[in-house]
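Order of the sequence lines sets the chain letters (A, B, ...), proteins ahead of strands, with each chain counted from 1. Values reported hereafter were calculated over all heavy atoms of this structure, with side chains retained and with hydrogens, waters and symmetry mates removed. Nothing here was measured: the structure is a model prediction, and the numbers come from that model.
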Protein chains: 4
Amino acid sequence: MTWEFKKDRPIYAQLIEQIELNIISGLWGPGERLPSVRDLAAQAAVNPNTMQRALSELERDGLLYTVRTSGRFITEDGNMIQKLKDSLAMVEIREFFEKMSKLGFDRSQTIRMLENAARGEK
Amino acid sequence: MTWEFKKDRPIYAQLIEQIELNIISGLWGPGERLPSVRDLAAQAAVNPNTMQRALSELERDGLLYTVRTSGRFITEDGNMIQKLKDSLAMVEIREFFEKMSKLGFDRSQTIRMLENAARGEK
Amino acid sequence: MTWEFKKDRPIYAQLIEQIELNIISGLWGPGERLPSVRDLAAQAAVNPNTMQRALSELERDGLLYTVRTSGRFITEDGNMIQKLKDSLAMVEIREFFEKMSKLGFDRSQTIRMLENAARGEK
Amino acid sequence: MTWEFKKDRPIYAQLIEQIELNIISGLWGPGERLPSVRDLAAQAAVNPNTMQRALSELERDGLLYTVRTSGRFITEDGNMIQKLKDSLAMVEIREFFEKMSKLGFDRSQTIRMLENAARGEK
DNA sequence: GTGGTCTAGACCACC
DNA sequence: GTGGTCTAGACCACA
């Protein structure tokens, strides 16, 4: 796991994004225990407070949960993970349609081009 | 025409991008004369040299041409504009597939979701 | 290495030409590291930006490549160097035929004179 | 006949060159009478003194001759014109060999490439 | 230290 | 007036 950050957005937001990806991709499986905030922060070379903030937000969203004195864990609710995955996908899809529209392609043209592209690279 | 720049990429690159969009969208039609470098630079609030660099690169790609002492013009080669449009679209498509793949969706899943999204918003 | 410039053409163009000659002649061999932009500029007594422009264009043509924070290097693709050599030669040949034609010599006459000249000086 | 001058060399030298080309190419035939210095100067948009200087040098070389009260004429000595033609050609040939040598081609390689080029464009 | 970018301001050639 | 070029000097990212 490598952590990289760009300067154009807050680091805590980028942390959230990366952690979500780790969960969605299954790299961090449901119910799995996370390293300590300190360790994670050291690993990512960020301030522990920043890491803490990211984890708190993820916890607020229900993606993580804390067991006092024992640590933080990934949610075991597969449904929730699935919903996150779908919701992130919807954001990407919306942005993609937006960009293609700026290029002058409407939704159906866009889909047709996507089909061709997928077929072409098989 | 509004010009906005982010800090994470060179301004000249963003200028190129925006100008390409202006051409593709037809806002600046084939054969049309551009404002002078100085005017464009003032409009975009960048240094004339930066605008000059962007225009030079676009000219190198054949999208613009210069008539000495008279000004710069959009290419009259509609074919070239079409090719640019397609090529920019291919970049977007590739990036989109890439992102969706990180989320765990393969090409055919992605396309299915796109179709649903397009249908859902009609 | 001496750098000289005439006033009738842009300096950056003359820089490009001289550097190409350095590469073709093998004075700067494939894979070799160039001096820094600043050093080259000082050596040639031009502004660093001007040298930078020349190098950028050469890089765009694939004759050089940059390793961030480490420096610029001559391409290791001997084929590309050979192609450059041939292409520059073709330009010279074309111009030469052109001039001789203005003097009233056609291609075959020109070649015959060249053969005589080469023989005469042996 | 159009007259064009670059700034990097004296105008009178460029006048000489152009006039020599006119004679060699036969545009101005042997024995033909030239327009007056004043007219030539006006035509070329140069100072009459400059034109005068060019003509004097050409006369010194024997390419022109003056008949008092009647005007200037192209030499009728075809031999001389031929010699001029050859001598200008030799200059071109020498320069060409020089340039090709800088590119790394020796005389025989150069000649072979010229033959190929001439054949290729037929 | 490296290359990359940007700005400000100047001069030139062309018509 | 147009575009083209050059210089001087600054700041940034990267390692």
Side-chain angles (χ1 to χ4, degrees), chain A residues 2-9 11 14 45, chain B residues 3-19 32-60 63-75, chain C residues 3-19 32-60 63-75, chain D residues 2-9 11 14 45:
Chain A
T2 69
W3 301 83
E4 290 178 8
F5 307 102
K6 303 195 172 172
K7 291 193 189 173
D8 60 331
R9 282 180 319 148
I11 289 186
Q14 301 186 54
Chain B
W3 301 85
E4 292 178 6
F5 308 104
K6 304 196 171 170
K7 285 185 289 186
D8 61 331
R9 280 181 321 145
I11 292 183
Y12 78 86
Q14 301 184 54
L15 285 173
I16 289 176
E17 198 178 289
Q18 299 219 17
I19 293 170
E32 189 171 324
R33 185 179 174 285
L34 295 183
S36 80
V37 178
R38 289 159 175 78
D39 288 353
L40 278 174
Q43 215 181 94
V46 299
N47 183 287
N49 284 331
T50 305
M51 182 59 78
Q52 168 81 7
R53 173 165 182 187
L55 296 177
S56 298
E57 300 219 2
L58 287 165
E59 188 165 348
R60 219 187 47 230
L63 223 59
L64 306 179
Y65 65 91
T66 295
V67 180
R68 267 268 190 184
T69 76
S70 157
R72 273 206 180 76
F73 301 80
I74 311 290
T75 182
Chain C
W3 300 86
E4 292 178 7
F5 307 104
K6 303 194 172 172
K7 285 185 291 187
D8 61 331
R9 280 181 320 146
I11 291 184
Y12 78 86
Q14 301 184 53
L15 285 173
I16 289 176
E17 198 178 289
Q18 299 219 17
I19 293 170
E32 189 171 324
R33 185 178 174 284
L34 294 183
S36 80
V37 178
R38 288 159 175 80
D39 287 353
L40 278 175
Q43 214 180 93
V46 299
N47 183 288
N49 283 332
T50 306
M51 182 59 77
Q52 169 81 7
R53 174 166 182 185
L55 296 177
S56 298
E57 300 219 2
L58 287 164
E59 187 165 348
R60 219 188 46 231
L63 223 59
L64 306 179
Y65 65 91
T66 296
V67 180
R68 268 270 190 180
T69 77
S70 156
R72 273 205 180 76
F73 301 81
I74 311 290
T75 181
Chain D
T2 69
W3 301 84
E4 289 178 9
F5 307 103
K6 302 194 172 173
K7 291 192 188 172
D8 59 332
R9 281 181 319 149
I11 289 186
Q14 300 185 55

Side chains of C/R60 and C/S56, heavy atoms from C-beta outward: is any pair under 4.5 Å? no

Taking only the side-chain heavy atoms of C/E59 (C-beta and beyond), determine which of E/dG4, E/dT5, E/dT7 contains the nearest atom.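 Selected nucleotide: E/dG4.
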
Picking from F/dT5, E/dA8, E/dC6, which would you name as closest to the side chain of B/T50?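 So the side chain of B/T50 is nearest to E/dC6.
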
For [N], does either OP1 or OP2 sit under 4.0 Å from a side-chain N or O belonging to [X]?
X: B/Q52; N: F/dG4; value: yes
X: B/S36; N: F/dT2; value: yes
X: C/Y12; N: F/dT5; value: yes
X: C/R72; N: E/dT2; value: no
X: B/T66; N: F/dT2; value: no

Could you tabulate the donor-acceptor pairs under 3.5 Å formed by side-chain atoms of residues 38-47 of chain B, not counting sequence neighbours?
unit_1	atom_1	unit_2	atom_2	d
B/Q43	OE1	B/W3	NE1	3.2
B/N47	OD1	B/N49	N	2.7

Whole Å only: how far is the [atom1] atom of [X] from the [atom2] atom of [N]?
X: B/L55; N: F/dT2; atom1: CG; atom2: P; answer: 13 Å
X: C/R53; N: E/dG3; atom1: CZ; atom2: C1'; answer: 18 Å
X: B/N47; N: F/dA10; atom1: CG; atom2: P; answer: 16 Å
X: C/M51; N: F/dA8; atom1: CE; atom2: C1'; answer: 16 Å
X: B/D8; N: E/dG4; atom1: CG; atom2: P; answer: 18 Å
X: C/L34; N: E/dG3; atom1: CG; atom2: P; answer: 9 Å
X: B/I16; N: E/dT5; atom1: CD1; atom2: P; answer: 10 Å
X: C/R60; N: E/dG4; atom1: CZ; atom2: P; answer: 14 Å

Partners of B/F5 by ring pair (Phe, Tyr, Trp, His ring centres under 6.0 Å), sequence neighbours excluded? none

Quick one: does C/N49 reach the base of F/dG9 with a side-chain donor-acceptor pair under 3.5 Å?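 Looking at the base of F/dG9, it does pair with a donor or acceptor on the side chain of C/N49 (distance under 3.5 Å).
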
Shortest non-hydrogen contact between B/F73 and B/S70, atoms and distance: CZ-OG, 3.6 Å

For DNA chain E, just give me the dot-bracket, please: Watson-Crick or G-U, both distances below 3.5 Å, ( ) intra-strand, [ ] crossing earlier pairs, | paired with another strand, . unpaired. ||||||||||||||.

Under 3.5 Å, N/O pairs linking protein and nucleotides 11-15 of chain E:
unit_1	atom_1	unit_2	atom_2	d
E/dA13	OP1	D/K7	NZ	2.9
E/dA13	OP2	D/K7	NZ	2.9

Rounded distance [0.5 Å steps], [atom1] in [X] versus [atom2] in [Y]:
X: B/L64; Y: B/E32; atom1: CG; atom2: CD; result: 11.5 Å
X: B/L63; Y: B/I74; atom1: CG; atom2: CD1; result: 7.0 Å
X: B/L58; Y: B/T75; atom1: CG; atom2: OG1; result: 11.5 Å

Given DNA chain E, 5'-ward residue of the pair C/V37 and B/A45, judged by closest heavy atom: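 Whichever sits nearer the 5' end wins; that is C/V37.
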
Hey, does C/R33 reach any base, or is it just sugar-phosphate, or nothing, if we go heavy atoms under 4.0 Å?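 Since only primed, P, OP1 and OP2 atoms lie under 4.0 Å of C/R33, the category is sugar-phosphate.
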
Can you tell me if B/R72 uses its side chain to pair, donor with acceptor, with the backbone of B/V37 under 3.5 Å?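 It does not hold such a pair.
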
Set of side chain to side chain contact (heavy atoms under 4.5 Å, CB included) partners for B/R68, sequence neighbours left out: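 None.
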
Using distance only, find each side-chain donor-acceptor pair of residues 6-19 of chain C under 3.5 Å and give its atom names and separation, not counting sequence neighbours.
unit_1	atom_1	unit_2	atom_2	d
C/R9	NH1	C/E17	OE1	3.1
C/R9	NH2	C/E17	OE1	3.3
C/Y12	OH	C/R53	NH2	3.2
C/Q14	OE1	C/K6	N	2.8
C/Q14	NE2	C/K6	O	2.6
C/Q14	NE2	C/R9	O	2.8
C/Q18	NE2	C/E4	O	3.0

